[in-house]
Number of protein chains: 2
Amino acid sequence: MPWPTTRKQETRKKILKSAVRLFAQRGFHNVSLGEVMEDAKLTHGAFYAHFSSKQELYNQSVYAATEDSPLAGIMRESEGDLSFNKIVKTYLCSEHVEQKVSPCPLAAFATDVSNQNDDAKQAYSHVFEGLLDILQTRSGGEIPDRQSAMSLAALMIGGVVVSRALNDEEVVDELLEACITKASQLMK
Amino acid sequence: MPWPTTRKQETRKKILKSAVRLFAQRGFHNVSLGEVMEDAKLTHGAFYAHFSSKQELYNQSVYAATEDSPLAGIMRESEGDLSFNKIVKTYLCSEHVEQKVSPCPLAAFATDVSNQNDDAKQAYSHVFEGLLDILQTRSGGEIPDRQSAMSLAALMIGGVVVSRALNDEEVVDELLEACITKASQLMK
DNA sequence: GTCTATAATCTGATAGAC
DNA sequence: GTCTATCAGATTATAGAC
């Protein structure tokens with residue numbers, strides 16, 4: 001029985017989905033377990049039938065967030081290669097900055113993870129390697145090597161992280177456009 | 001009397017210095033006012049003679065952190081222009097990632113600020129514009145325009161932020177080197 | 001201005017009925 | 001597995017003596 005989709009696993013997924021959205025929007029300490037469970041239409045006490053601690057929930061959220069991230073979305077849409085432009089513009093857009101779409105955990109969870117335990121960092125590292133792999137293998141050769149993929153990842157994540165901390169929408173648009181325009185120059 | 005350096009202002013500076021280091025290392029919610037005041041050799045209750053709330057302390061820390069940041073350091077050392085290589089290598093180094101030097105607030109406070117009020121974002125935005133200004137006016141023309149400066153800032157901040165969330169030192173070194181190597185290509 | 005002491009609140013985690 | 005109820009600890013902010 002490889003996938004015994006029990007009701008418990010469905011509930012666990014619901015909790016994770018709520019956790020991903022809330023943690024990404026407000027950060028680890030600005031979200032209580034009560035809020036997560038309420039969002040998942042359960043009560044506080046039921047939490048510990050699914051996770052051993054808030055920290056474990058957060059670590060699992062780092063993995064879970066990859067499923068609905070912007071890049072996962074365009075990967076589902078297109079079966080073949082992703083164009084470089086499509087990748088960059090999907091990531092560096094105001095909808096992603098404002099989290100009108102489910103966010104990339106590498107941008108949303110970065111600073112929180114750096115303040116947490118090694119399990120969280122391991123999850124983050126794993127997801128980061130996954131991004132590098134996608135960039136290199138699904139871009140039809142437009143991203144030639146690991147070094148290019150790494151610098152592109154830093155540019156994209158940095159662009160979104162900084163944008164979220166600015167208070168001037170015009171500067172945000174300017175920054176996103178600058179990153180989009182300059183990204184291709186990293187590929188040479 | 002332009003600078004009446006009273007003892008109160010000295011104490012305020014001491015509190016800010018402790019706050020910058022602790023907030024940068026562990027984030028807003030992982031640092032208590034008690035810890036900040038203890039680090040500044042005072043007791044908890046004395047805090048409110050200097051700041052009206054923890055949030056105000058944090059906002060002021062964003063500004064205060066610029067004084068000892070890596071780029072402020074090399075600007076004090078050299079009177080003339082900074083070389084592009086010096087800027088990039090000073091920022092994207094493991095000592096900065098591990099905060100063995102006083103960190104740049106744009107990297108250390110980014111995600112926290114995005115979860116806070118508009119005053120914090122205003123402080124962050126102001127510091128960000130300051131970085132763009134330094135990059136453009138102090139690089140001897142090696143950073144030709146605002147768009148180049150913006151993309152470079154995103155690359156540098158992103159490189160440090162991601163590095164702090166990874167658990168594999170080798171990958172961190174690889175990432176920093178990738179960002180350093182590729183940075184110059186953004187300047188064309 | 002700085003101290004000690006405490007109020008008021010929040011939240012992670014546990015216990016036990018159903 | 002989910003619920004209600006509660007414990008235990010931490011933390012921001014305040015009060016009042018010095």
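All values derive from a computational prediction rather than experimental measurement. Below, each value reflects all heavy atoms present in this structure, side chains not excepted, and no hydrogens, waters or symmetry copies. Reminder, nothing fancy here: chain letters follow the sequence lines and each chain counts from 1.
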Checking salt bridge (charged side-chain N to carboxylate O under 4.0 Å, His left out) for the pair E177(A)/K182(A): CA distance, chi angles, key distance, verdict?
CA-CA 8 Å; E177(A) 197 182 316; K182(A) 291 283 181 176; over 6 Å; no

List the atom pairs, donor and acceptor, that lie under 3.5 Å between side-chain atoms in residues 70-80 of chain A and the rest of the protein, sequence neighbours left out.
unit_1	atom_1	unit_2	atom_2	d
R76(A)	NH1	E67(A)	O	3.3
R76(A)	NH2	E67(A)	O	3.3
S78(A)	OG	I74(A)	O	3.2

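- By the 4.5 Å heavy-atom criterion applied to side chains, I87(A) and S83(A) are not counted as neighbours.
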Quick test: give all pairs of protein nitrogen or oxygen and nucleotides 1-4 of chain D nitrogen or oxygen below 3.5 Å, distance rounded to 0.1 Å.
unit_1	atom_1	unit_2	atom_2	d
dT2(D)	OP1	T11(A)	OG1	3.2
dT2(D)	OP2	H50(A)	NE2	2.5
dC3(D)	OP2	T43(A)	N	2.7
dC3(D)	OP2	T43(A)	OG1	2.7
dC3(D)	O5'	T43(A)	OG1	2.9

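- Nucleic acid contact class of V36(A) (heavy atoms, under 4.0 Å, all strands): none.
- Between the P atom of dG12(C) and the CD atom of Q55(A) lies a distance of 12 Å, rounded to the nearest Å.
- Across the protein-nucleic acid pair, Q116(B) atom CD and dT12(D) atom P stand 13 Å apart, rounded to whole Å.
- Atom-to-atom, OH of Y48(A) to C1' of dA13(C) comes out at 4 Å; the value is rounded to the nearest Å.
- Residue pairs that meet the ring pair (Phe, Tyr, Trp, His ring centres under 6.0 Å) test with at least one member in residues 93-135 of chain A, sequence neighbours left out, are Y58(A)-F109(A), Y63(A)-H126(A), Y91(A)-H96(A).
- In this structure, H29(A) atom NE2 and dA10(D) atom C1' are separated by 11 Å, rounded to whole Å.
- Looking at D112(B) and Q116(B), their side chains never bring a donor and an acceptor atom within 3.5 Å of each other.
- Distances were taken from every side-chain heavy atom of S32(B) (C-beta onward) to each of dA13(C), dT11(D), dA13(D); the shortest belongs to dT11(D).
- Per the geometry, CD belonging to E35(B) stands 18 Å off P belonging to dG9(D), to the nearest Å.
- dT12(D) atom C1' lies 7 Å from atom CG of L33(B), rounded to whole Å.
- At whole-Å resolution of the value, CD in E38(A) and C1' in dG12(C) are 17 Å apart.
- Between F28(A) atom CZ and dT11(C) atom P the separation is 12 Å, expressed in whole Å.
- No hydrogens or angles considered: nothing links the side chains of S94(B) and E98(B) as a donor-acceptor pair under 3.5 Å.
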